[in-house]
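Okay, structure first, notes after.
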Amino acid sequence: MGGVMESKDKYELVSELARRRGFFWPALEIYGGVSGFICYGPLGVIMKEKIIKKFRDIFIRPLRALEIDSPVIMPEKVFEASGHLEHFKEPMVECLKCGRKFRADHLLEEAGVLDAEKLGLDEIMAELEARAIRCPECGGEFGKPSYFTTMFSTTIGPYSDAVGYGRPEAAQGIFVEFKRLYEQARKKLPFGVVQIGRALRNEISPRQGPIRLREFTIIDYEFFFDPEDPSCPRLPEVEDEVLRLLPKEVRLKGSEEPVEVTVREALDKGYIMMEWMAYFMALAKRFLEELGVPGDKQRFIEKLEWERAHYSVQGYDQEVWTDRWGWVEVSGHNYRTDYDLGRHMKWSGVDLTAFKEFKEPKKVMELVVKPNVEAIKEDFGEEAPEVLKALSKADKAELARSVEEEGSVKLGSYELSRKHMIISKVERTVKGKHFVPHVIEPSFGLDRLVYITLEYAYTVKDGRVVLRLPRDIAPVQVAVLPLLSRDGLPEKAREVYELLLSEGFDVEYDESGSIGRRYARCDEIGIPIAITVDHRTLEDGTVTLRDRDTWKQVRTPIKELPSLLYAFFKKRLEFDQLGKPL
RNA sequence: GCGGCCGUGGUCUAGCCUGGCCUAGGACUCGGGCCUCCCGAGCCCGCAACCCGGGUUCAAAUCCCGGCGGCCGCACCA
């Protein structure tokens, strides 16, 4: 983009339409608005629901994944464990003279400090002083550096000082509730858990309308599997799907040219580490196609080491081409390993492992060390209980080795010899083992999906806007229009309207203005089918159906509408099959 | 957060430079009515705006300052 803006870009056209027709608009306009917050209107809400339904159809139901809805606010400890507190912050310094704020690590890096990101506040302070760094704007001195956390913080309870944060992703809710979810999955791996809900990020400077929000809806999908059995049995469903990948090997060569490979090839060539990740990426591609984004307007770009989130060992972003911003991320696919469960286990002290039975119970030889209480009492007298305690805590293998090789062992200040214990080897059968499941996470930004669906649906035909939303995403499915507002046509049209309503369709009735104007309005909000009631309807009970995209019409008996329309919206029938052409 | 540009009904805009003639004009949309019509037709009526706050002035949409918001660039986007 350069020079003068010659005309409105699609973002402008789409947001204007969205505002005017009630898909979404900037929130809080009467108070001047606050950037990073939007309000969904009547059409937007329904569209969002339909996108979620589609997500469920593709990602959740076939895999029998579990869906939950957990709190948005969680206590500080959760985010200590998750690593967000540590990583979701930036060191800032404020100029004492002019009050401007700067990223402290960036100032240091400009001054030649390597890895300034890793420094603590004291070290940053020291470096700033050592290098006599002054305000780049006014030359003033800096105050003490402090952290700016990009999580929203609050206190839990009115007089409490218990710090809580708004979750920056819905994923943590899933990890935190893992124990029960594992129970509900009947302790069988692999299984997926999904959470669709609001997340909060206090972005420094959000712009780009629904693309970057401070409060947004995220779809987090945590798929748990056994790292020793990472194969995806559903892979055959997608292995021939072609993905446009920009793996790190290619990126590091400085290329922006994606390689086109099938899912199978991507795995064989090592572009994608895990089968489940490849599987979800393929579903993600199909999902976006269903929302109207052709495959060649999508790509997957691998995040480089330093671009990845702290919990990720491999990550691909699914990007979609937008008119205004070029490639925009719509989903992230990360291999989170056992990072989250492992950390929550450590911080909470609760066992979050899964258990698997071996095919054959294994026989293992186990060392058993029994104290010889008599001998210990005899030699240590009053201190015997302490000795027993130390003995029970000691590492058995080390104990046995020491006694075996040196004849004695030191436990703290006590020296014990062979006679103080009875060491034996016992054969035990072990049925299985505990392990921390690994996680593949596909994660979608729902607001971006809504926007992108609208952008790809936006077309102009004969100077009129036609919103070609996929028929199962369109918020209004059918419009019922009397040709004239007299001669009993409105009454008949209302009957048709009520019929379709009772059959569960999203219907709208409109008798205002000329028929052409009404068709145009329907096109603009993407209603796939407009039904017109005319004089002939009164004679033979037939109506005309008008196709949004071609403006072609067919005539059909009212009686058959419910079943025909049902099939049409299920994509089992095409428009031409809905009646006789006019 | 920084810099540049900008902020008039639901939308697009006239007016701002050069303060008063602004009771803020138009078009579209929207609501009501007429017309009765298969692709934004026509006619009548109506709803509806100077981003917020302060200042200058006899007088501010117009000039000045601050805030908020938008766009673009920088930074940020874990």
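Just so you know, these numbers come straight off a predicted model, no measurement behind them. Quick note on labels: first sequence line is chain A, next is B, and so on, each numbered from 1.
- When each of A:Trp325 and A:Arg448 is assigned the nucleotide of RNA chain B with its nearest heavy atom, A:Trp325 is the one assigned upstream, toward the 5' end.
- The interatomic distance linking A:Glu329 (CD) with B:rC76 (P) rounds to 16 Å, in whole Å.
- In this structure, A:Phe23 atom CZ and B:rG10 atom C1' are separated by 16 Å, rounded to whole Å.
- Applying the ring pair (Phe, Tyr, Trp, His ring centres under 6.0 Å) test to A:Trp325 and every residue at least two apart in sequence or in another chain returns A:Tyr11.
- Rounded to whole Å, atom C1' of B:rC77 lies 15 Å from atom CD1 of A:Ile301.
- Residues A:Phe55 and A:Val194 are in side-chain contact: their nearest non-hydrogen atoms beyond the backbone lie under 4.5 Å apart.
- A 3.5 Å limit on both hydrogen-bonding distances identifies B:rC52 as the Watson-Crick or G-U partner of B:rG66.
- Distance, A:Leu13 CG to B:rU11 P: 15 Å, rounded to whole Å.
- The partner of B:rA14, taking Watson-Crick or G-U wobble pairs whose two distances both stay under 3.5 Å, does not exist in any strand shown.
- Here the nucleotide nearest the side chain of A:Arg20, chosen from B:rU11, B:rC72, B:rG70, is B:rU11.
- Contact between the side-chain N/O atoms of A:Arg212 and the OP1/OP2 oxygens of B:rC76 is not found at any separation under 4.0 Å.
- Per the geometry, CG belonging to A:Asp9 stands 16 Å off P belonging to B:rG70, to the nearest Å.
- Among residues two or more places apart in sequence or in another chain, the ring pair (Phe, Tyr, Trp, His ring centres under 6.0 Å) test is passed with A:Trp25 by none.
- In terms of the ring pair (Phe, Tyr, Trp, His ring centres under 6.0 Å) criterion, residue partners of A:His310 (sequence neighbours excluded) are, by chain and number, A:His84, A:His87, A:Tyr339.
- In summary, the aromatic rings of A:His438 and A:Tyr335 are positioned with their centroids under 6.0 Å apart.
- To the nearest angstrom, C1' of B:rC28 lies 12 Å from CD of A:Glu524.
- With C1' as the reference atom, B:rU29 and B:rC21 are 31 Å apart, rounded to whole Å.
- Straight-line distance between the P atoms of B:rG20 and B:rG3: roughly 32 Å, to the nearest whole Å.
- In this structure A:Tyr456 satisfies the ring pair (Phe, Tyr, Trp, His ring centres under 6.0 Å) test with no other residue, sequence neighbours excluded.
- Comparing B:rA75 with B:rG9, their C1' atoms sit 37 Å apart, to the nearest whole Å.
- Using N1 to N3 plus N6-O4 or O6-N4 for Watson-Crick, or N1-O2 and O6-N3 for G-U wobble, each under 3.5 Å, B:rC38 pairs with nothing.
- With a cut-off of 3.5 Å on both Watson-Crick or G-U wobble distances, the partner of B:rG73 is given as B:rC2.
- The separation of B:rU8 from B:rA60, taken at their C1' atoms, amounts to 14 Å, rounded to a whole angstrom.
- When rounded to the nearest whole Å, the span between CD1 of A:Ile211 and P of B:rC71 equals 12 Å.
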Sugar-phosphate atoms are those with a prime plus P, OP1 and OP2; base atoms are the rest. Using that split, label each nucleotide of nucleotides 30-39 of chain B B, S or - for protein heavy atoms under 4.0 Å, 5' to 3'.
-> S-----BBBB

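- One C1' atom belongs to B:rA14, the other to B:rA61, and the distance between them is 12 Å to the nearest Å.
- For the pair A:Leu17 CG and B:rC12 P, the computed distance is 12 Å after rounding to whole Å.
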Please lay out, stage by stage, how A:Thr542 and A:Asp540 fare under the test side-chain hydrogen bond (donor to acceptor under 3.5 Å, both in side chains).
-> CA-CA 6 Å; A:Thr542 62; A:Asp540 65 3; 2.8 Å; yes

Mind listing the side-chain donor-acceptor pairs of residues 442-455 of chain A below 3.5 Å, one per line with the distance, residues two or more places apart or on another chain?
from	atom 1	to	atom 2	distance (Å)
A:Ser443	OG	A:Asp220	OD1	2.7
A:Asp447	OD1	A:Tyr40	OH	2.6
A:Asp447	OD2	A:Thr217	N	2.8
A:Arg448	NE	A:Ile211	O	2.6
A:Arg448	NH1	A:Glu329	O	2.7
A:Arg448	NH2	A:Ile211	O	2.8
A:Tyr451	OH	A:Glu455	OE1	2.5
A:Thr453	OG1	A:Leu449	O	2.6
A:Glu455	OE2	A:Asp323	N	2.7

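- Atom name C1', nucleotides B:rC64 and B:rG70: the rounded distance is 22 Å, in whole Å.
- The same atom, C1', is picked in B:rU13 and in B:rA48; the two are 15 Å apart, to the nearest Å.
- Atom name C1', nucleotides B:rC50 and B:rG69: the rounded distance is 16 Å, in whole Å.
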